[in-house]
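Inspection log for the structure reproduced underneath, given as structure tokens.
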Amino acid sequence: MCGIVGYSGPNNSVNPIIEGLSRLEYRGYDSAGICLKINNELHILKKEGKLDNLKELLQTEKPFSNTGIGHTRWATHGAVTADNAHPHGNDIFAVVHNGIIENAGALKKDLLAEGFQFKSQTDSEVFLVLLTKFFKQTGNTLQSISKAFSSLTGNSAFVIMEKASDKLYALKRSAPLVVGENKDSREAFVSSDPFALVGFAPRIYFPQDGVICESIISTSDVTMKFYELDLTPSNRYKFQSNSMSMDTTTKGPYEHYMLKEIHEQPALIDKLAAFYIKNEGRKDLDELKGFKTEGWHLTACGTAWHAGLVIKNYFEQINRQRASVDIASEFRYKNPILNKGEIGLFISQSGETADTLACQELCKEKGIPTYSIVNVEGSTLFRNADKNFLIHAGVEIGVASTKAFTLQALTGFLMSRAMEGTLDDPKLFTEIQLLSNRIAELCSHADSIKSVAEKIYTKKGFIFTGRGRYFPIAFEGALKLKEIAYVHAEGYAAGELKHGPIALIDENIVNIAIVGPELLEKTISNVEEVKARRGIIVVVGPEKNPEVEHLADAYIPLNFEGLPNLSPLYVNVALQFLSYHIAKLKGTDIDKPRNLAKSVTVE
Ligand code: F6R
């Protein structure tokens with residue numbers, strides 16, 4: 001969603017701001033803008049559409065400015081127009097915003113009645129106008145920021161620059177925000193994502209909610225100051241050195257990040273297994289040995305929710321522990337029954353998904369410990385959790401999550417084996433190795449899946465089916481296809497088809513049927529039912545099984561041998577390839593599908 005990058009220092013702020021915004025492009029946005037302080041004036045340039053449009057403008061104007069803030073906007077309040085793009089500014093301040101001001105309507109009404117004017121339809125401009133109003137009353141920037149921020153409800157991050165100085169100010173409530181500094185070059189940075197600051201700011205700070213950050217550049221130093229909203233000094237921030245690397249941020253030989261990330265999976269699986277079974281991660285898992293809860297509450301969104309469904313199976317089947325899985329946007333409003341002795345387990349790639357974070361807060365309020373399975377170290381979910389299980393996927397740039405799903409599910413499986421006390425069982429390591437080998441084989445024969453895609457990509461609709469352990473994979477397969485190929489796709493439990501969705505079946509509907517070795521006969525019967533109604537059948541099933549193969553219009557043969565627990569992850573990679581190739585044949589924007597954002601920081 002919205003990306004924020006700010007810079008203040010001796011160099012031209014345009015370069016790090018545009019570089020930082022480019023790195024955040026993958027998150028999804030629809031307009032971009034920058035405010036630069038030039039000759040003591042605030043200059044705002046904004047463009048609808050891609051960041052390239054803004055870059056073109058900057059190339060023509062070639063501005064130089066020591067202080068600036070930039071933004072990529074993912075529209076919430078107000079249409080996609082240059083006026084609604086950020087920064088919003090006047091002759092005192094410029095602001096960028098990520099999040100939603102929930103009481104913007106009421107505040108705007110009052111401000112209009114008081115005679116203030118607005119140039120955009122956004123909620124964000126309400127903050128600018130409030131800030132300006134308070135500044136006219138107090139003449140003090142910090143006080144005005146505090147008062148304006150305290151008037152707002154909803155979750156937001158703001159960065160503010162002013163005509164009167166080269167300082168950057170930033171603060172947030174339940175939204176990602178990081179400030180950084182480079183002491184050697186006397187540069188200050190701010191962003192919605194530490195990834196934007198890699199290579200620029202070796203020292204980064206994560207302020208907590210309601211902490212105002214102020215960067216001060218002098219002729220000899222750069223300093224970060226932190227204040228509470230009552231303007232007393234604050235120590236409510238976390239400092240760390242920025243250890244992220246840039247290696248993961250290029251596509252290498254692959255046409256898309258998504259394809260690259262699918263191919264990364266075998267090596268990442270090996271690395272994760274070594275980390276948790278043999279190396280530093282082992283001590284975290286050992287703490288789970290013999291661990292019993294009254295119940296697990298797994299909560300997540302989208303693909304991470306599907307990983308939760310896979311993990312629930314592990315906790316229930318291997319550990320015989322009760323586990324419920326909820327979609328975060330439902331859990332937070334359903335007045336969930338949360339009892340002492342239970343654990344909230346939150347699954348997220350970004351660690352910044354607003355609904356998932358709200359559920360974590362809810363569990364904390366009820367005194368339930370919160371654990372995370374998360375990719376981004378230092379994210380809000382990570383910082384607020386009592387225990388974290390990192391998935392070590394590296395940066396995932398493709399908006400459609402691939403490697404994160406596999407590693408989330410694998411981490412859940414390892415947690416389950418740790419509770420069971422079987423981490424040293426040699427069969428465990430062998431199964432994980434087999435998974436990574438099988439996925440590597442799939443990667444080297446992905447062209448055969450491409451030819452399946454060629455047969456079906458023009459069809460009207462896709463129903464993914466699976467039973468038992470493959471049921472969550474049917475959901476995940478359908479989600480991947482709809483988000484990147486823009487076709488209607490649904491996941492169903494195979495046995496559920498005849499209870500309604502079979503009415504959809506005709507010669508234009510494809511059934512992608514996952515036929516695992518378990519419940520084989522029953523799943524075959526479900527496929528027969530679709531075939532009898534002229535549906536097109538693509539089976540992802542056991543290799544060398546002529547009976548199943550005979551049923552299918554197209555077949556993706558897999559070797560399920562030796563994967564009693566991890567076969568769902570393997571099947572899922574085959575479906576990742578299938579979606580990828582269908583999307584490619586349809587010519588969609590695979591890495592940045594329309595309307596989607598990588599990190600959903602609004603409710
Ligand atoms: C789909 C996808 C999304 C995310 C969901 C949660 O491919 O990526 O469904 O899984 O938005 O995001 P995280 O995992 O960052 O909480």
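Counting starts at 1 for both ligands and their atoms, following the listed order.
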Subject >> Ring geometry between Phe475 and Phe471 (parallel below 30°, tilted from 30 to 60°, perpendicular above 60°) >> reply: tilted
Original post:
Closest non-hydrogen protein atom to atom 12 (O) of ligand 1, residue and atom name please, with distance?
Top reply: Thr353 OG1, 3.4 Å
Subject >> For Lys480, atoms of ligand 1 separated by under 4.0 Å from a heavy atom >> reply: 1 (C), 7 (O)
**OP:** Just say parallel, tilted or perpendicular for the rings of Tyr205 and Tyr237, cut-offs at 30° and 60°.
**Re:** perpendicular
Original post:
Where the closest heavy atom to atom 9 (O) of ligand 1 is concerned, which of Thr303, Ile373, Leu357 has it?
Top reply: Thr303
Original post:
Considering only heavy atoms, does Glu483 approach ligand 1 within less than 4.0 Å through its side chain, its backbone, both, or neither?
Top reply: side chain
Original post:
Hey, which atoms in ligand 1 end up nearer than 4.0 Å to a heavy atom of Gly302?
Top reply: 9 (O)
Original post:
Salt bridge check: are Lys251 and Glu255 linked by an N-O gap of less than 4.0 Å?
Top reply: no
Subject >> Lys482 and Val487, any side-chain heavy atoms less than 4.5 Å apart >> reply: no
**OP:** Around atom 11 (O) of ligand 1, find the nearest protein heavy atom and jot down its residue, atom name and distance.
**Re:** Val600 CG2, 4.0 Å
Original post:
Does Asp355 come within less than 4.0 Å of Arg332, counting only side-chain N to carboxylate O?
Top reply: yes
Subject >> Closest protein heavy atom (residue, atom, distance) for atom 5 (C) of ligand 1 >> reply: Cys301 O, 3.5 Å
**OP:** Take every heavy atom of Val399, measure it against each atom of ligand 1, and state whether any distance is under 4.0 Å.
**Re:** yes
Subject >> Heavy atom of the protein closest to atom 14 (O) of ligand 1 (residue, atom name, distance) >> reply: Gln349 N, 2.6 Å
Original post:
Using heavy atoms and a threshold below 4.0 Å, how should the contact between Thr356 and ligand 1 be classified: side chain, backbone, both, or neither?
Top reply: neither
Subject >> Residue, atom name and distance, where the atom is the protein heavy atom closest to atom 15 (O) of ligand 1 >> reply: Ser350 OG, 2.6 Å
**OP:** State plainly whether the residues Glu287 and Lys283 are in salt-bridge range, i.e. N to O under 4.0 Å.
**Re:** no
Original post:
Mind checking whether His97 and His86 have parallel, tilted or perpendicular rings, split at 30° and 60°?
Top reply: parallel
